[in-house]
Amino acid sequence: MPNYVSVRTKTNRISFQIAKRTAWILLLLSLLLILITVLGLSAGSEFIHPVTVVKELLGYGNGDYDFVLHTLRLPRVLMALLVGAALGVAGLILQGIIRNPLAAPDIIGITSGASMGAIIFIVYFMGSVSIQFLPLAAILGAGIVSFIIYLLSWRKGVTPIRMVLIGIGISALAKAVVTMLLVISNVAATTKAYLWLTGSLYGANMQDVYLLLPWLVILMPLTFILARTVNVKELGDEIAIGLGVKVQVYRLLFLLISVMLAGSAVAFAGGIAFVGLVAPHMSRMLVGRSFAGLIPVTAIIGGIIVIVADMVARTAFLPKDLPTGVFTAAIGAPFFIYLLFRTRNQ
Amino acid sequence: MRIILSSTPMKQIGLFISCLILLLAFIFSIAIGQTSIPFSSIYDAIFHFDAADKEHVIIRTSRFTRAVIATVVGASLAIAGALMRALTRNPLAAPDILGINAGAIFFIVSAITLFSVQSLMSYMWIAFLGAGAAGAMVFFLGSLGRDGLTPIKIVLAGAAITALFVSFTQGLLVIDEQGLQSVLFWLAGSVSGRSIEMLVPVLPFILGVTVVAIFMGRSINILQSGDDIAKGLGQRTMLTKITLGIIIIILAGSSVAVAGSIGFIGLIVPHMAIQLVGTDYRWIIPYSAVLGAILLLSADIAARYVIMPLEMPIGVMTALIGAPFFIYIARKGLAKNA
C-alpha cells in the first residue's frame with residue numbers, strides 16, 4: 001500500500017499505520033496552530049503586531065511587551081492549547097471505547113465529577129491547603145465518579161449505552177452536590193467557584209502550565225502505544241474478543257487515561273464544554289478512522305478550538321473577560337445538532 | 001408487572017388515602033420548621049387571623065405560601081413527567097432530563113440580565129417560550145432518523161441541549177455578577193421566599209391544563225398502543241401529541257417560573273404511580289398529581305432540617321433522591337432494549 005506508512009516494533013507491541021495524507025494534514029494543522037497562537041498573543045486589550053510578537057518570542061524584541069506577553073498572554077494561550085488537546089483526546093478515547101459518536105467527557109459525567117472534586121476543594125480546603133492541590137482534587141473527583149459509573153454499568157461486562165445513561169444520572173447527582181456546596185459556602189467562594197465552573201482561563205500563569213504539561217507528556221504517548229486495540233474494538237466487542245483483544249481490560253485502561261486527561265484539564269480551566277465532542281469529529285472528517293493518526297490531529301484541533309474561543313472570550317466584550325466555556329458551547333452545540341442530524345440513520 | 005392496586009374500588013380508595021396523606025403533609029409543612037407552630041394556631045391563622053400574633057404572621061406570609069407552591073409545583077411536574085413518558089414512550093423522559101427546565105431558565109435569566117424584565121407575568125410567558133423552544137429542539141433531534149424516537153437518542157439530545165443552555169446561562173451570570181447569589185438559589189430550585197403573587201398568574205393555566213390532562217387519559221391510553229393502532233381506532237394522533245406537548249410545556253414552564261429548576265419529580269412520581277395502578281393513564285395522571293405534591297412537600301420539609309440553620313435548595317434534595325432512581329431505571333428498565 002503506497003499511500004500508507006506502517007510503523008511496527010519487533011514484538012508488535014506498538015503498531016500503527018499512518019496515511020501519507022494524514023502526515024500532510026498534520027503538517028498543515030501545525031502551521032495553522034502556530035499562526036493562531038501568534039494571533040492569540042497579538043489580540044487583547046492592547047493589540048500587538050504579530051511580527052513584533054514573533055520577534056519578542058524569539059528574543060530579538062526590545063522588551064517593550066515583556067510583561068503583557070510573557071506574564072499575561074503566553075501562559076494563557078499555552079494553557080488553552082494544553083487544555084484543548086487534553087479534552088480533545090479524552091473525547092476521542094471515549095468515543096472510541098463507547099462507540100457512540102455522541103459520547104464526550106462533559107456529557108457522560110466525567111467533567112461534572114472533576115467539578116465536584118474541585119468545588120469541594122475550593123469550599124473546604126482553600127484556606128488550609130495550597131492551591132497546587134486543586135488539580136489533584138479534580139482528577140480524584142473525576143476518577144471516583146468514573147469508577148462509580150463504570151461499576152454501576154457493570155452487568156456481565158459494560159455496554160456503552162448503559163454507561164452513557166448512567167453517566168447522565170451520576171452527572172445530575174454530582175451537579176446537585178456542587179449546587180449544595182455553593183449554597184452552603186460563603187459569597188466570595190461562590191463567585192470564584194462559579195467562574196471556574198463555566199470554564200475560564202482567566203489568570204492562568206506559567207506555573208499552571210508546568211503543572212498540566214506532565215500529564216499530557218505521559219498520557220499522550222501512552223494512548224499512542226495502545227492505539228491499535230482501539231481500531232479493532234471499533235469493529236464491535238464480539239469481533240474484538242475473537243481477535244484476541246481483552247476488551248474489558250482495555251476499556252478500563254482507556255477510560256482511566258481519558259479520565260486523567262479530562263480531569264487534569266478541568267482542574268485548570270473548569271468545565272470547558274463540547275471540545276471533547278467536537279474535536280474528535282472534526283479530525284475524523286479530515287483523516288478518517290485510523291486511531292493513531294487521529295490522536296495528534298485531535299490534539300491540535302482541540303488546542304486550536306480553545307485558543308480561538310478564549311481569544312474571542314477575552315476580546316469580544318472588552319473590558320469584560322468572559323468564560324471560555326461559553327464560546328466553546330456556542331461552537332459546539334450547533335455542531336452537536338448537526339451530528340445528531342448526520343448520524344440519524346445509524 | 002405486578003400492580004398493587006388492581007381493582008377500580010381499590011384505586012378509588014387508594015386515591016382517597018393519598019389525598020389524606022397530602023393534606024397531612026400540607027399541615028406538617030406549615031407546622032414544622034425553624035419555629036414550630038401548634039396545630040391550633042394554623043386553624044386560627046386561617047379562620048381567625050390576628051395580625052399581632054407572630055405565629056399567624058409566619059403562617060400567612062411564609063409557611064402557607066410555601067406549602068401551596070410546593071403542592072402546585074409538585075403536582076405539575078409529576079403530571080408533566082407522566083405525559084412526557086406517554087408521549088415519548090420512554091421511562092427516562094422527564095422535563096429536566098430532556099432540557100426543558102434548562103431552556104426555560106436560560107430564557108428567564110437572559111430576560112432578567114439582558115432586557116431587565118421585571119414583571120412576574122412576563123417571566124411566565126418567557127418561561128413558556130423557553131420550555132417550548134427546548135422541548136421542540138429535543139423532540140426534533142431525538143426523532144431524527146429511520147428508527148424514530150429511541151430512548152437513548154432523546155436522552156442524549158436532552159443532555160446536549162441542557163449542556164448548551166446551562167453554559168449560556170452561566171455565561172450570562174458571570175457577566176452580571178450582582179445578584180448571582182439570589183439567582184443561584186432560584187436556579188437550584190426552591191419553593192421558599194416566593195410570594196403568592198408569583199403563583200397567581202400561572203395558577204389558572206396549571207389548573208386548566210391539568211383538567212384537560214385528566215380528561216385525556218383515555219386518548220393517551222389509545223396512543224400507548226402505537227401510532228398505527230391509534231389511527232386505526234379513529235384517533236387523530238398528531239392532534240393528541242401536539243395537545244400533550246402544549247400541556248407539558250405549560251406545566252413545566254410555569255413550574256420553573258415559580259420555583260426554578262426542580263428535577264426528578266417528573267421521573268420518580270409517574271414510575272411510582274405506574275407501580276401502583278398499572279398503565280392506565282386515566283388513573284396515572286390523578287395519582288401522579290397527588291403523589292407529586294406529597295413528594296415535593298416532604299422534600300421541602302426535609303430541606304429545612306438537613307443543614308440547619310441554613311436551608312437546602314429543594315432542587316438539590318430532589319436530585320439527591322432522584323438521581324439514584326434514574327440510575328436504577330437505567331440499569332433495570334432499559335436493560336431489555338438498550
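Just the heavy atoms: all of them, side chains too, but no hydrogens, waters or symmetry mates, feed the values below. In what follows, chains are A, B, ... by sequence order, proteins preceding strands, each numbered from 1.
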Of the backbone (N, CA, C, O) and the side chain (C-beta and beyond), which part of B:M137 lies under 4.5 Å from a heavy atom of chain A, both, or neither?
-> side chain
When B:I327 is tested against each of A:I149, A:I168, A:I170 for side chain to side chain contact (heavy atoms under 4.5 Å, CB included), which residue passes?
-> A:I170
Stepwise, does the side-chain contact (heavy atoms from CB on, under 4.5 Å) test hold for B:V316 with A:V177?
-> CA-CA 7 Å; B:V316 172; A:V177 174; over 6 Å; no
Nearest non-hydrogen partners of B:A323 and A:G169, listed with the distance = CB-O, 3.7 Å
More than 12 heavy atoms of other groups within 6.0 Å of B:Y305 OH | yes
Taking all atoms of both residues into account, what is the closest heavy-atom pair of A:L173 and B:P324, and its distance?
-> CD1-CD, 3.9 Å
By salt bridge (charged side-chain N to carboxylate O under 4.0 Å, His left out), which residues pair with B:D96, not counting sequence neighbours?
-> none
Side chain from CB out, backbone as N, CA, C, O: work out which of these in A:F327 comes under 4.5 Å of a heavy atom of chain B, or both, or neither.
-> neither
Using a cut-off of 6.0 Å, state whether more than 12 heavy atoms not belonging to B:M238 lie near its atom CE.
-> no
Test salt bridge (charged side-chain N to carboxylate O under 4.0 Å, His left out) applied to B:R66 - qualifying residues, sequence neighbours left out | B:D300, B:E311
Which portion of B:F325 sits near chain A, non-hydrogen atoms under 4.5 angstrom | neither
